[in-house]
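Encoded as structure tokens, the structure appears first; notes follow it.
Since the model is a prediction, treat every value here as computed from it, not as a measurement. Below, all heavy atoms of this structure are taken into account, side chains as well, without hydrogens, waters or symmetry copies.
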Number of protein chains: 2
Amino acid sequence: MPRAGLSEGRVVEEAEQLADEGGVVTLAAIAARLGVRVPSLYKHVAGSDALQQLIATRAKNELADVLGRASVGRARADAVEAIAWAYRRWATEHPGRYATTLRAPVPDDAADLAASERAIQVVLDALNGYGLTGAAAIDATRMLRATLHGFVALDAAGAFGLPDLDRSFARLIAGLQVMLESWPT
Amino acid sequence: MPRAGLSEGRVVEEAEQLADEGGVVTLAAIAARLGVRVPSLYKHVAGSDALQQLIATRAKNELADVLGRASVGRARADAVEAIAWAYRRWATEHPGRYATTLRAPVPDDAADLAASERAIQVVLDALNGYGLTGAAAIDATRMLRATLHGFVALDAAGAFGLPDLDRSFARLIAGLQVMLESWPT
DNA sequence: ACCGCAAAGCTAATACTGTTAGCCAAATAA
DNA sequence: TTATTTGGCTAACAGTATTAGCTTTGCGGT
């Protein structure tokens, strides 16, 4: 029996693809796609939970990259708008990976913690232009994350009616600008 | 063998309790708590999915009730503030039931659709005082739902650091007021 | 070139989950 | 009292994750 040439990375990639295609992310499904039996996967990942964790960490890093690239060279309203659209776009294009992004970082996983930090830092940097520091910056970051996540999450769940989502999102961003302009320091 | 005296309502209640206690909502766990074997549950609910559906519909109705009670007799800023705090409170006190609230209503379930409508209507009524109609009202409703859901979802996931959540939420509400005051009609 | 060994696949077995079929006793209706 | 419906049960099956243990591949060292 020839080897399939798997690796941790290969398994995680396949799981990510499967997740983003909306399939049920099960070891059985992943193994089938890789042309391998289920227990063979355990030679590369420690189990279902560990696999989820790997996907989550990679997703957080990728999201941080996307947001960082979107906001580079921009400030204030420009930066917020760019980040918002990039965030929504990545989340809707990668719903499976995005969903893993939300779970709290497990406290003993340094890589996961670092990835979470990176994503938040991009938002904090963008808000820097508004002169927010300390508690005000924390509040504003939480507000921004909550708003963006809430929109894409409700969208993904189909909780909104279908039409005019882009218009609603644009209005939302405009509203965020107003909010941030008047944010107390 | 004496009967356990179950009913659809009793099964759903137990599942709701289990969900809000953070347990894994599994037929096995529910049956154990009710002192009954798993297949017996099928005499009262049509299966795992159907049970989820029942919980979801009841949860949407309860949330609509809570928001409705909170906003009665209030308008504009008052109404928004009351709804926001009631929403967050109910969601954090009933995390399991709240989570079921987010799934899109299944199109052929009239009760579920009606429940979803009720909850949205409360928000729409509250925004009525701002003179929003048509597209503007839709945008504002989506914004409000997204913001509230985003905050409680990230909170529930532990995605925020622990401290000062009430302060951040209060700031968020204040920001929403500003946003709504300047919302274009 | 050969051996040895770690890595990578496999089968088999266990323990969960949900689900269906079919039995039997208990409550209820005639 | 008898007939029927109802609500519990056991048994069986399918799907999932996981572990144990076996075999073979393929690479590194001699």
Side-chain angles (χ1 to χ4, degrees), chain A residues 1-59 95-97 99-100 102-104 106 108-109 112, chain B residues 1-59 95-97 99-100 103 106 108-109 112:
Chain A
M1 51 196 89
R3 298 216 173 168
L6 296 191
S7 64
E8 178 181 285
R10 188 73 196 80
V11 173
V12 175
E13 269 172 38
E14 199 68 32
E16 286 171 339
Q17 248 185 274
L18 180 57
D20 284 341
E21 289 168 10
V24 192
V25 182
T26 167
L27 293 187
I30 297 166
R33 285 170 68 118
L34 291 169
V36 106
R37 303 295 182 135
V38 177
S40 306
L41 298 178
Y42 285 80
K43 291 288 156 89
H44 306 283
V45 294
S48 202
D49 287 354
L51 176 57
Q52 289 291 338
Q53 190 60 35
L54 289 172
I55 299 173
T57 302
R58 282 174 50 132
R97 270 179 268 188
T100 68
L102 302 174
R103 304 189 341 199
V106 314
D108 54 336
D109 184 336
D112 190 29
Chain B
M1 50 193 88
R3 300 215 172 168
L6 296 191
S7 65
E8 177 181 285
R10 187 75 195 79
V11 172
V12 175
E13 271 174 36
E14 199 69 32
E16 287 171 339
Q17 248 185 274
L18 180 57
D20 284 341
E21 289 168 9
V24 193
V25 182
T26 167
L27 293 186
I30 297 166
R33 285 170 67 119
L34 291 168
V36 106
R37 300 298 181 132
V38 176
S40 306
L41 298 178
Y42 284 79
K43 290 289 156 88
H44 306 284
V45 293
S48 201
D49 288 353
L51 176 58
Q52 289 292 337
Q53 191 58 36
L54 289 171
I55 299 174
T57 301
R58 282 174 51 131
R97 269 178 269 187
T100 68
R103 304 189 339 200
V106 314
D108 54 336
D109 184 338
D112 191 27

Separation of [X] atom [atom1] from [N] atom [atom2], in whole Å?
X	N	atom1	atom2	answer
B:I30	C:dT19	CD1	C1'	15 Å
A:R37	D:dT23	CZ	C1'	15 Å
B:L41	D:dC9	CG	C1'	12 Å

Could you list the protein-to-nucleotides 15-17 of chain C atom pairs, N/O on both sides, closer than 3.5 Å?
residue	atom	partner	partner atom	Å
C:dT17	O3'	B:T26	OG1	3.1

Do you know the tightest heavy-atom contact between B:A28 and B:V38?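 The answer is CA-CG2, 3.8 Å.
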Apply side chain to side chain contact (heavy atoms under 4.5 Å, CB included) to [X] and list each qualifying residue two or more places apart in sequence or on a separate chain.
X	value
A:A32	none
A:L18	A:A29, A:I30, A:R33
B:A50	B:A46
A:D20	A:H94, A:P95, A:R97

Using the salt bridge (Lys or Arg N to Asp or Glu O under 4.0 Å) rule, collect all pairs that involve residues 22-32 of chain A, keeping only residues at least two apart or in two chains. none
OP1 or OP2 of C:dA8 sitting under 4.0 Å from any side-chain N/O of A:S40?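 No, because none of the side-chain N or O atoms of A:S40 sits under 4.0 Å from OP1 or OP2 of C:dA8.
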Is any side-chain heavy atom of A:V11 closer than 4.5 Å to a side-chain heavy atom of A:L54?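 Side-chain contact under 4.5 Å: no.
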Find out whether A:L41 and A:L34 are in side-chain contact, i.e. whether some heavy atom of one side chain is under 4.5 Å from a heavy atom of the other. yes
Near DNA chain D, counting only heavy atoms under 4.0 Å, which residues of residues 11-19 of chain B show up? none
Excluding sequence neighbours, so at least two apart, what forms salt bridge (charged side-chain N to carboxylate O under 4.0 Å, His left out) with B:E16?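 Here the qualifying residues are B:R58.
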With sequence neighbours left out, what residues match A:R10 under salt bridge (charged side-chain N to carboxylate O under 4.0 Å, His left out)? A:E13, A:E14
Pairs satisfying side-chain hydrogen bond (donor to acceptor under 3.5 Å, both in side chains), at least one member in residues 43-52 of chain B, at least two apart: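 Pairs touching residues 43-52 of chain B that pass the test: none.
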Just the table, please: protein N/O against nucleotides 2-7 of chain C N/O, every pair under 3.5 Å.
residue	atom	partner	partner atom	Å
C:dA7	N3	A:R3	NH2	3.2

Any idea which of C:dA8, C:dT11, D:dG8 is nearest the B:H44 side chain?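 For B:H44, the side-chain atoms sit closest to D:dG8.
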Nucleotide nearest B:V38 (side chain, heavy atoms from C-beta), chosen from D:dG8, C:dT19, D:dA17: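 Selected nucleotide: C:dT19.
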More 5' along DNA chain D: A:Y42 or B:P39, using each one's nearest nucleotide?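 That would be B:P39.
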